[in-house]
Amino acid sequence: MNPTIRKYLFALCFVFSTCLLGVSVFLVQALSTGVKAVEQETRFFNALDQANEARSVFYNLRYWLTELSVSLLMQSERNADAAYLRFDKSIKSLPGVDSATISTIRTKTNLMVKIAKRAVESYSKDQRVLGNSSMAQTRVHAALVEAEFHKLVSSLKQQAVLARNQTIQGASRAEYLAYIVVALFSIIGFVFTIYLIRSITTPLSHIQDSIREMTAGNLDTKLPESLLGEIGDMTSALRLLRDAELGRLKVDEANRAKSTFLAVMSHELRTPLNAIIGFSYLLLNGGAAFQTADKVQEYVGDIHNSGEHLLSVIDDVLDTVKVESGTMQISETLVLLEKISK
Amino acid sequence: MSNLVIPSSRFSRFKRLQIGATVFLALANGVPANAMEQETVTALELAELLRAARSVIASNQPLINDLNKGPKGLTSQKVLEDTYATFRKKMGTDPLRFSAETKRGKLIQAQISSIKEVIDKQQETINQKGVGFKGFVPAVFARLVNEQFRVKMRGVADIKITAPYELVRNRKALPDKWEGKFLNGVMRSKNRPKGKNLKEISNVGGTKAFRILVPEYYSKVCLSCHGGPKGKIDVTGYPKEGAKLGDLGGAISITLFMKE
């Protein structure tokens, strides 16, 4: 993989998004667990409410049965019957209560109602003693039902309180874990951010130093090595820039050398030419003193040697030009080293 | 129910029809028509005596409910005197005209004694000062008299005020099977003439008995507790039935046991 700043930034975003997602998932899960715990707690409290409601209706039923046995009024009997129906409905629909407890309460209540009605029948027939006896039994059965209700309500209350405590504990634990998770992800995010920033700013700082050095004229400054991505590209570009500058300096030096060469070459060409022009002038215009056979022989010999020398210089210049232009042809022939050395 | 309307006259056409029906029923049950007629007259006199006493209580209701008055002078003697007067006015005869040796005389005497004993026993209640409504209303009075009568005449006769099931307030007044059959059936028929009695020779607890249902209708006085609006709580704390003037309110059920 070729790490680039864009990829670093994507990685940073990914890490932060992952942290955020992780924290969110954790919080959602904690919240969901909390909601479930509250729902469970609510169910217990609802069951407790309904049990208390059923208990209240049971008291209402007892009241009307007692009222009926005293007044023998039909309205009281109707109220007692209505209370019984309400009681039966409320006890049957108790959530979270085992059927055995409900069955026990219903059976005992039914027996209580049956005996109370027997007492009412006795009172209606003016059989007071018999009625009183039945009412005594009614009280006994009512006490049994009340004991069952007490047991049921206590149990539901205990479960509800337990559920509430569990909810509170769960919420505290979730809060504690949330702090840890948030802190952990924050640290990871912070460390990763620092690492990424440093991995970008450190080479950038090196490059900046190199640019300053090069701007100051120090082309020998050390450039960062093996950097990849955008910073690597920048380093490569800087290196190319430095190499170009070095090349330009070399070209300048070559130009200067050429100028020197031409200056020297001018002198080398002028020397044999001056000899040729001078000796040929003497031969033409020197008079008799310079037109003797010996002198002519000598001067023509000098002119010829100067011409040979000039030709040799011009051949060398042309060879140099050929070499520079790359058109120099090398012909492989046998050469006598002895002859060259002369 | 109090101050109920007397349903029939001795000399009305309806009365003659009743007697005709009695004769028919008596023949059908193997009872001499004369005996059936006598039982009917006895039963109607008992019913009328009860109504007379009850109307006395009704007319004295404001006095009984007087918050500020202690002793009210509503003694058993006073009640009985007014009852006789009311009876005589309605029936044209003296309730005490029969000897206590006869069955009819014995029954009438028992009812008179019951009225006396109830009023005597309730003197403390009637004369209570500082309490307005004392619950001692004509219907309660009549029930107490009937209960007293039942004790005295057990096995001989029984008087009870009953009503169709939904109109009964006190369980003691619930109709038995025989009463219920007629009160919830033929007696509520719109075509049935007002005040028409219903009688039958029947078997009560293994004993042959003459039974009669004398219908009672709501009068104006009754409607203060039993009238409208339906469901509104009356002075006794009971929801009103929503009855209208002249509606069937119940019946006086009289049983006269016929010993072989």
Side-chain angles (χ1 to χ4, degrees), chain A residues 56-90 109-142 145, chain B residues 1 114 117-118 121 135-137 139-140 142-155 158-177 179-180 183-184 204-205 225-226 230-243 249-250 253 255:
Chain A
S56 167
V57 177
F58 172 76
Y59 287 142
N60 193 249
L61 171 63
R62 263 202 80 183
Y63 167 80
W64 283 115
L65 287 173
T66 309
E67 149 88 22
L68 173 62
S69 70
V70 174
S71 71
L72 299 179
L73 288 176
M74 291 302 291
Q75 187 59 38
S76 303
E77 188 160 357
R78 282 191 276 271
N79 289 344
D81 290 343
Y84 176 76
L85 290 178
R86 284 204 309 279
F87 166 79
D88 206 46
K89 190 179 170 189
S90 62
T109 304
N110 287 345
L111 197 57
M112 181 197 80
V113 171
K114 193 177 166 187
I115 297 169
K117 291 240 170 165
R118 201 159 65 206
V120 169
E121 281 299 326
S122 299
Y123 288 132
S124 298
K125 291 175 187 166
D126 285 330
Q127 297 166 335
R128 180 148 294 279
V129 175
L130 206 56
N132 288 347
S133 165
S134 295
M135 280 311 280
Q137 287 181 55
T138 303
R139 283 193 291 278
V140 170
H141 282 89
V145 176
Chain B
M1 289 160 281
S114 299
E117 286 162 19
V118 168
K121 199 175 177 182
F136 191 70
V137 294
V140 171
R143 179 168 58 78
L144 292 173
V145 169
N146 291 340
E147 284 172 13
Q148 199 74 6
F149 180 84
R150 184 177 295 136
V151 173
K152 287 180 186 295
M153 291 286 105
R154 195 176 298 279
D158 191 30
I159 305 176
K160 168 184 167 189
I161 296 177
T162 185
Y165 187 83
E166 76 277 7
L167 295 179
V168 173
R169 286 194 171 192
N170 192 302
R171 293 187 95 262
K172 286 185 173 180
L174 277 173
D176 63 18
K177 202 172 171 184
E179 294 159 341
L183 279 170
N184 292 306
V204 180
C225 287
H226 298 280
K230 189 176 181 180
K232 188 184 176 186
I233 303 300
D234 69 12
V235 69
T236 68
Y238 205 92
K240 293 182 177 185
E241 287 81 358
S253 172
T255 306

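Lettering follows sequence order; numbering is per chain, from 1.
- Residues of residues 122-132 of chain A that come closer than 4.5 Å to chain B, counting heavy atoms only, are A:Tyr123, A:Ser124, A:Asp126, ordered by residue number.
- A distance of 7.0 Å separates CD in A:Glu77 from CG in B:Leu174, rounded to the nearest 0.5 Å.
- Both the backbone and the side chain of A:Glu121 come within contact range of chain B, each with at least one heavy atom under 4.5 Å from a heavy atom of that chain.
- In terms of heavy atoms, B:Val168 sits closest to A:Met74 at O-CG, 3.1 Å.
- In plain terms, the two heavy atoms of B:Glu166 and A:Arg78 that are nearest each other are O-NH2, 4.3 Å.
- Residue contact with chain B, scored on non-hydrogen atoms closer than 4.5 Å, involves the backbone of A:Ser71 exclusively.
- Legend: residues meeting salt bridge (Lys or Arg N to Asp or Glu O under 4.0 Å) with A:Glu67, ordered by chain and number and at least two apart, are absent.
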